[in-house]
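Structure first, then comments.
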Amino acid sequence: MAMTVREAFEKGTDTFNAHDIDGFTSVLADDAVFRAPGGMTGQGKAACAQFYAGWFSAFPDAHVQVHDVHIAGDVAAEEGTFTGTHHGVLHTPAGDIPPTGRPVALDYIQVLRFHDGKHASFNLMFDRLAMLEQLGLIPASAG
């Protein structure tokens, strides 16, 4: 029996916070796709798992706190905050960012689509400029 959208969403969040890539992969559709800031895209379980594992590698204490989730049919819109300390290399489309040792707290929105109780697509949005500021790679904006 397929999981409900809420059950699949909650399992995805739980496995992310546990850094459980195998558990996370178990809730992905075979042809799952993702889109993230900076033009990052990928298709398939392996690509999605690699994308999220990259966050665990760069931020070994990575954690998301979900503030709200809105479910309509097979779509969930998630509002949350990602926190972590940058102790590993962060791989980006613009190049690798060596560890800074600095913490980040980034608000994000993610739109997830589900099919047969599995994550079929992720569209992640967060403020890349704020992340670079918090990592100390660019000057913080005034105010």
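The residues of the chain are indexed from 1 along the displayed sequence.
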Self-check item: Contacts of type salt bridge (Lys or Arg N to Asp or Glu O under 4.0 Å), residue Asp30, not counting sequence neighbours
Solution: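 Salt bridge (Lys or Arg N to Asp or Glu O under 4.0 Å) list for Asp30, sorted by chain: Lys45.
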Self-check item: All pairs passing salt bridge (charged side-chain N to carboxylate O under 4.0 Å, His left out) where residues 51-78 contributes a residue, at least two apart
Solution: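 Output for this query is empty, none listed.
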Quiz item: If you look only at pairs with a residue in residues 108-121, which of them pass as a salt bridge (charged side-chain N to carboxylate O under 4.0 Å, His left out), with sequence neighbours excluded?
Solution: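 Every candidate salt bridge (charged side-chain N to carboxylate O under 4.0 Å, His left out) pair involving residues 108-121 fails, so no pair, neighbours aside, qualifies.
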So [Y] and [X], do their side chains get closer than 4.5 Å, heavy atoms only?
| X | Y | answer |
| --- | --- | --- |
| Thr13 | Val64 | yes |
| Val104 | Leu135 | yes |
| Glu10 | Val69 | no |
| Leu124 | Phe34 | no |
| Val33 | Phe122 | no |
| Asn123 | Gln110 | no |

Might you point out which heavy atoms bring [X] and [Y] nearest each other, and give the distance in Å?
| X | Y | value |
| --- | --- | --- |
| Asp96 | Thr92 | OD1-N, 4.3 Å |
| Ala29 | Ala120 | CB-CA, 4.2 Å |
| Arg128 | Pro37 | CD-CB, 3.2 Å |
| Pro93 | Gly38 | CG-O, 3.2 Å |
| Ala105 | Gln134 | N-OE1, 2.6 Å |

Practice problem: Step by step, work out the ring pair (Phe, Tyr, Trp, His ring centres under 6.0 Å) result for Phe82 and Trp55. | Solution: CA-CA 10 Å; Phe82 170 90; Trp55 288 98; 5.3 Å; yes
Quiz item: With clusters built from Ile, Leu, Val, Met, Phe, Trp and Tyr whose side-chain heavy atoms come within less than 4.5 Å, directly or transitively, what are the remaining members of the cluster of Val89, listed by chain and number?
Solution: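 Noted: Val89 shares its cluster with no other residue.
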Self-check item: Residues clustered with Ile109, ILVMFWY side-chain links under 4.5 angstrom
Solution: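 Once heavy-atom contacts under 4.5 Å are chained together, Ile109 belongs with Val75, Val111, Met125.
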Quiz item: Pairs in or reaching into residues 91-116: which pass ring-ring contact (aromatic ring centres under 6.0 Å, His included), with residues at least two apart or in two chains?
Solution: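 Of all non-adjacent pairs touching residues 91-116, those that pass ring-ring contact (aromatic ring centres under 6.0 Å, His included) are Phe114-His119.
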Quiz item: Of all residues at least two apart in sequence or in a different chain, which pass the side chain to side chain contact (heavy atoms under 4.5 Å, CB included) check with Leu132?
Solution: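 Counting only residues at least two positions away or on another chain, Leu132 forms a side chain to side chain contact (heavy atoms under 4.5 Å, CB included) with Ile97, Leu137, Ile138.
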Self-check item: Test side chain to side chain contact (heavy atoms under 4.5 Å, CB included) applied to Asp14 - qualifying residues, sequence neighbours left out
Solution: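 Testing Asp14 for side chain to side chain contact (heavy atoms under 4.5 Å, CB included), a comparison that skips the adjacent residues, returns none.
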Self-check item: Those residues that, when tested against His86, pass ring-ring contact (aromatic ring centres under 6.0 Å, His included) (two or more places apart)
Solution: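 So His86 forms a ring-ring contact (aromatic ring centres under 6.0 Å, His included) with Phe59.
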Exercise. For Glu7 and Thr4, indicate whether the former's side chain and the latter's backbone hold a donor-acceptor pair under 3.5 Å.
Key: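 Side chain of Glu7 to backbone of Thr4, a donor-acceptor pair under 3.5 Å: yes, one is there.
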Quiz item: Which residues pass the side-chain hydrogen bond (donor to acceptor under 3.5 Å, both in side chains) test with Glu79, sequence neighbours left out?
Solution: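 So Glu79 forms a side-chain hydrogen bond (donor to acceptor under 3.5 Å, both in side chains) with His70.
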Self-check item: Partners passing side-chain hydrogen bond (donor to acceptor under 3.5 Å, both in side chains) against His63 (at least two apart in sequence or in another chain)
Solution: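 His63 satisfies side-chain hydrogen bond (donor to acceptor under 3.5 Å, both in side chains) with Asn17 once adjacent residues are dropped.
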Quiz item: In terms of heavy-atom contacts, does CD of Glu133 have more than 12 from other residues, nucleotides or ligands at under 6.0 Å?
Solution: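 Correct, the count exceeds 12.
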Residues 19-28, side-chain donor-acceptor partners within the protein, below 3.5 Å, at least two apart:
unit_1: His19; atom_1: NE2; unit_2: Ala62; atom_2: O; d: 2.8
unit_1: Asp20; atom_1: OD1; unit_2: Asp22; atom_2: N; d: 3.4
unit_1: Asp20; atom_1: OD1; unit_2: Gly23; atom_2: N; d: 2.8
unit_1: Thr25; atom_1: OG1; unit_2: Ile21; atom_2: O; d: 2.8
unit_1: Ser26; atom_1: OG; unit_2: Lys11; atom_2: NZ; d: 3.3
unit_1: Ser26; atom_1: OG; unit_2: Gly23; atom_2: O; d: 2.6

